[in-house]
Colleague: 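Dropping the structure in here first, questions after.
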Amino acid sequence: MAALGGVRWVTRALVAAPNPGAWRNLCTSAIAQAASRSQGEDVRVEGAFPVTMLPGDGVGPELMHAVKEVFKAASVPVEFQEHHLSEVQNMASEEKLEQVLSSMKENKVAIIGKIHTPMEYKGELASYDMRLRRKLDLFANVVHVKSLPGYKTRHNNLDLVIIREQTEGEYSSLEHESARGVIECLKIVTRTKSQRIAKFAFDYATKKGRGKVTAVHKANIMKLGDGLFLQCCEEVAELYPKIKFETMIIDNCCMQLVQNPYQFDVLVMPNLYGNIIDNLAAGLVGGAGVVPGESYSAEYAVFETGARHPFAQAVGRNIANPTAMLLSASNMLRHLNLEHHSNTIADAVKKVIKVGKVRTSHMGGYATCQDFTEAVIGALSNP
């Protein structure tokens, strides 16, 4: 995969959930049919880039269908190898996890939907989604929060990037009952991983021509844990004198994002804070349906929505907004050095939104997911 580029340059340089019971009634037959189709279609295409596709739960399969339709219309030289992994559709096992991992390790690039994590404890603390990210060491989650021209929200002309460490912190899956009625949940912070994400953030800012990095923390309370993260960020910042460095406590950061988000450029933070800020910032520009995201390790790149929501209540209703997934797919093409196809698709999506005639209910319109997809396809041939 010599053609892989984009943000991988950086990584090489570094080393609203519904009631869980509702998931049991989701459309398993539709997923099973999709799985069966994908097995029949998984044929090598000469000269095409192989990409692992993991539709996930909720509206994930519908969003992936939109991606495939647009890619077909745009003659994108990508071959999707589709796999299905779901804890709520009885489609999760060690064998399936290994199949997905094997495909991702071979292809190096993947596009995934939200793999829903049930809240019930069934003997395993780490979800399949978390295990997948850890096994691939997808340490850096990048969410580019940018306003879409023509779509007015409370804050317009926003352009900021949230970089989240996502392999440790509160998501370490280390919990136990130390005494009856007393649960200890361990938050793990290491110097190695804190330095790595800090360096990733500053390298990203350097490569993208951004002028400021803000480290978000709670070191005033978690003096050792978040204190170590903050110390690592400060040490790395000294190596980048041309980039302005600031620090901000997480609760103040939330307020500042709502009051004056324009003060931010690149934000870097530990795991849980990143999850919260991703969703808050997505809400500033229109919600989970319009913000793309991606995750990186030293070897692999995974493209997904910026705010990870399965939108289970919309399953089968053809109302999901495919904007975020289509923009994420466009970013994936840029990563594959398919610049022309990437720009063509991104421009088509943005044109449909700017014109404003075809919008899903998520954006205040009445169009279906299929209507929006067809409008994007139409915009491909009429730039």
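As a basis for the values below, the full set of heavy atoms in this structure was taken, side chains included, without hydrogen atoms, waters or symmetry mates.
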Colleague: Among residues at least two apart in sequence or on other chains, which ones pass salt bridge (Lys or Arg N to Asp or Glu O under 4.0 Å) with Lys212?
Modeller: Glu246
Colleague: Do Val109 and Phe49 have side chains that get closer than 4.5 Å, going by heavy atoms?
Modeller: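 Not in contact.
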Colleague: Which heavy atom in Asp137 sits nearest to a heavy atom in Ser297, and how many Å separate them?
Modeller: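 Closest approach of Asp137 to Ser297: O-CB, 2.9 Å.
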Colleague: Taking NZ in Lys187 as the centre, count heavy atoms belonging to other residues, nucleotides or ligands within less than 6.0 Å. Is the count above 12?
Modeller: yes
Colleague: Report, as yes or no, whether the 6.0 Å neighbourhood of atom CD on Glu177 holds more than 12 heavy atoms from other residues, nucleotides or ligands.
Modeller: yes
Colleague: Can you tell me how far OH of Tyr151 sits from OG1 of Thr323, rounded to the nearest 0.5 angstrom?
Modeller: 9.0 Å
Colleague: Looking at Glu62 and Gly316, would you say the former's side chain and the latter's main chain have a donor-acceptor pair under 3.5 Å?
Modeller: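 Checking the backbone N and O of Gly316 against the side chain of Glu62, a donor-acceptor pair under 3.5 Å is found.
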Colleague: Any non-hydrogen side-chain atom of Leu54 less than 4.5 Å from a side-chain atom of Leu132?
Modeller: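 Yes, close enough: below the 4.5 Å cut-off.
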Colleague: State whether the side chain of Thr305 and the backbone N or O of Met325 hold a donor-acceptor pair below 3.5 Å, judged by distance alone.
Modeller: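 No.
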Colleague: Under the side chain to side chain contact (heavy atoms under 4.5 Å, CB included) criterion, do Leu186 and Glu175 qualify, and how do the steps go?
Modeller: CA-CA 6 Å; Leu186 303 183; Glu175 299 180 74; over 6 Å; no
Colleague: Should Phe264 and Met255 be regarded as members of a common hydrophobic cluster, given that ILVMFWY residues are connected when their side-chain heavy atoms come within less than 4.5 Å of each other, either directly or indirectly?
Modeller: no
Colleague: Decide whether Leu138 and Ile112 are clustered together by the hydrophobic rule: side chain heavy atoms of Ile, Leu, Val, Met, Phe, Trp, Tyr closer than 4.5 Å, transitively.
Modeller: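 Hydrophobic grouping puts Leu138 with Ile112.
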Colleague: With sequence neighbours left out, what residues match Arg134 under salt bridge (Lys or Arg N to Asp or Glu O under 4.0 Å)?
Modeller: none
Colleague: Taking C-beta and beyond as the side chain, do His144 and Pro292 meet within less than 4.5 Å on heavy atoms?
Modeller: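 They are not in side-chain contact.
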Colleague: If I compare all heavy atoms of Asp265 with all of Gly211, which pair ends up nearest, and what's the gap?
Modeller: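 Reported closest heavy-atom pair: OD2-N, 2.9 Å.
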Colleague: Do you know the tightest heavy-atom contact between Ala307 and Asn279?
Modeller: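 Where Ala307 meets Asn279 most closely, the heavy atoms are CB-OD1, 3.7 Å.
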Colleague: Pair Thr368, Asp371 - check side chain to side chain donor-acceptor pair (under 3.5 Å), show working.
Modeller: CA-CA 5 Å; Thr368 64; Asp371 291 337; 3.1 Å; yes
Colleague: Step by step, work out the salt bridge (charged side-chain N to carboxylate O under 4.0 Å, His left out) result for Lys207 and Asp203.
Modeller: CA-CA 6 Å; Lys207 187 173 188 295; Asp203 280 346; over 6 Å; no
Colleague: Keeping the roles fixed (side chain from Asn156, backbone from Thr153), state whether a donor-acceptor pair exists under 3.5 Å.
Modeller: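 A pair under 3.5 Å: yes.
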Colleague: Any idea how Phe200 and Phe139 line up, ring-wise: parallel (<30°), tilted (30 to 60°), or perpendicular (>60°)?
Modeller: perpendicular
Colleague: To the nearest 0.5 Å, what is the distance between CD1 (Ile345) and NE2 (His340)?
Modeller: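 Going from CD1 on Ile345 over to NE2 on His340, the span is 9.5 Å.
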Colleague: Return the orientation label for the Phe202 and Phe245 ring planes: parallel under 30°, perpendicular over 60°, tilted otherwise.
Modeller: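 Tilted: the ring planes of Phe202 and Phe245 meet at 30° to 60°.
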Colleague: Measure the OG1-CG distance between Thr247 and Asp226 for me, rounded to the nearest 0.5 Å.
Modeller: 11.5 Å
Colleague: Checking Asn318 side chain against Gln370 main chain: does a donor-acceptor pair fall under 3.5 Å?
Modeller: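 Checked: pair present.
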Colleague: For Glu82 and His84, run side chain to side chain donor-acceptor pair (under 3.5 Å): C-alpha distance rounded to whole Å, both residues' side-chain angles, the deciding distance at 0.1 Å, then the answer.
Modeller: CA-CA 7 Å; Glu82 193 167 335; His84 294 270; 3.1 Å; yes
Colleague: Given 3.5 Å as the limit, does a donor-acceptor pair link the side chain of Arg359 with the main chain of Ala367, or not?
Modeller: no
Colleague: Nearest 0.5 Å, what's the CD1-CG distance between Ile277 and Leu257?
Modeller: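 With rounding to 0.5 Å, CD1 (Ile277) is 5.0 Å from CG (Leu257).
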Colleague: Before you tell me yes or no, could you show the steps for Phe303 and Val51 under side chain to side chain contact (heavy atoms under 4.5 Å, CB included), namely the whole-Å CA-CA distance, both residues' side-chain angles and the distance that decides it to 0.1 Å?
Modeller: CA-CA 10 Å; Phe303 296 83; Val51 170; over 6 Å; no
Colleague: Answer whether the closest heavy-atom distance between the side chains of Met104 and Lys135 falls below 4.5 Å.
Modeller: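 When only atoms from C-beta onward are counted, Lys135 and Met104 do not touch, as no gap falls below 4.5 Å.
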Colleague: Have a look at Leu148 and tell me which of Val349, Leu327, Leu158, Val285 forms a side chain to side chain contact (heavy atoms under 4.5 Å, CB included) with it.
Modeller: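 One option only clears the test, and that one is Leu327.
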Colleague: Show the nearest heavy-atom pair for residues Pro261 and Leu160, with the distance to one decimal.
Modeller: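 Heavy-atom minimum between the residues: O-CD2, 3.8 Å.
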Colleague: Which is it for Glu339 and Arg334 under the side chain to side chain contact (heavy atoms under 4.5 Å, CB included) test, yes or no, and what are the steps along the way?
Modeller: CA-CA 5 Å; Glu339 289 282 346; Arg334 184 169 294 108; 3.3 Å; yes
Colleague: So does Leu224 have more than 12 non-hydrogen atoms from other groups sitting under 6.0 Å from CG?
Modeller: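 Check fails, neighbour count at 12 or below.
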Colleague: Just by distance, do the side chain of His155 and the backbone of Asn260 share a donor-acceptor pair under 3.5 Å?
Modeller: no
Colleague: Check for me, please, whether Phe80 and Leu326 land in the same ILVMFWY cluster - side-chain distances under 4.5 Å, paths through other members count.
Modeller: yes
Colleague: Strictly distance-based, threshold 3.5 Å: is any side-chain N or O of Lys223 a donor or acceptor partner for the main-chain N or O of Asn220?
Modeller: yes
Colleague: Ignoring hydrogens and angles, tell me if any N or O in the side chain of Glu165 forms a donor-acceptor pair with the backbone of Thr167 under 3.5 Å.
Modeller: yes
Colleague: Would a 4.5 Å heavy-atom cut-off, applied to side chains only, mark His362 and Val290 as touching?
Modeller: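 They are in side-chain contact.
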Colleague: Taking the side chain as every heavy atom from C-beta outward, state whether Cys185 and Glu170 have any atom pair closer than 4.5 Å.
Modeller: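 Contact flag for Cys185/Glu170 side chains = no.
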Colleague: Treat each ILVMFWY residue as a node, draw an edge where side-chain heavy atoms are under 4.5 Å apart, and state whether Met222 and Val189 are in one component.
Modeller: yes
Colleague: Are any non-hydrogen side-chain atoms of Val216 and Phe229 less than 4.5 angstrom apart?
Modeller: no
Colleague: Answer yes or no: is there a side-chain heavy-atom contact under 4.5 Å between Lys218 and Asp251?
Modeller: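 The answer is yes; the side chains approach within 4.5 Å.
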Colleague: To check you understand the geometry: which heavy-atom pair defines the closest contact between Glu69 and Thr373, and what is its length?
Modeller: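 Closest heavy-atom pair between Glu69 and Thr373: CB-CG2, 4.1 Å.
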Colleague: Would you say Asn141's side chain and Glu294's backbone share a donor-acceptor pair under 3.5 angstrom?
Modeller: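 Such a contact is found between Asn141 side chain and Glu294 backbone.
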Colleague: What's the verdict on side chain to side chain contact (heavy atoms under 4.5 Å, CB included) for Asp129 and Arg133, showing C-alpha distance, side-chain angles and the deciding distance?
Modeller: CA-CA 6 Å; Asp129 182 47; Arg133 294 176 192 277; 3.2 Å; yes
Colleague: Measuring from atom CE of Met64 to atom NZ of Lys68, what distance do you get when rounded to the nearest 0.5 angstrom?
Modeller: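 Output value for this atom pair is 9.0 Å.
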Colleague: A quick test of your reading: do over 12 heavy atoms of other residues, nucleotides or ligands sit less than 6.0 Å from CZ of Arg154?
Modeller: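 Counting neighbours around CZ of Arg154, 12 or fewer heavy atoms of other residues, nucleotides or ligands fall under 6.0 Å, so no.
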Colleague: Might you point out which heavy atoms bring Cys369 and Ala320 nearest each other, and give the distance in Å?
Modeller: CB-O, 3.2 Å
Colleague: Same hydrophobic cluster for Leu228 and Met248, using side-chain heavy-atom links shorter than 4.5 Å among ILVMFWY?
Modeller: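 Yes, same cluster.
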Colleague: Test your reading of the model: is there a side-chain donor-acceptor pair from Asn271 to the backbone of Glu168, 3.5 Å cut-off?
Modeller: yes
Colleague: Can you measure from OH (Tyr273) to CG (Leu280) and round to the nearest 0.5 angstrom?
Modeller: 15.0 Å
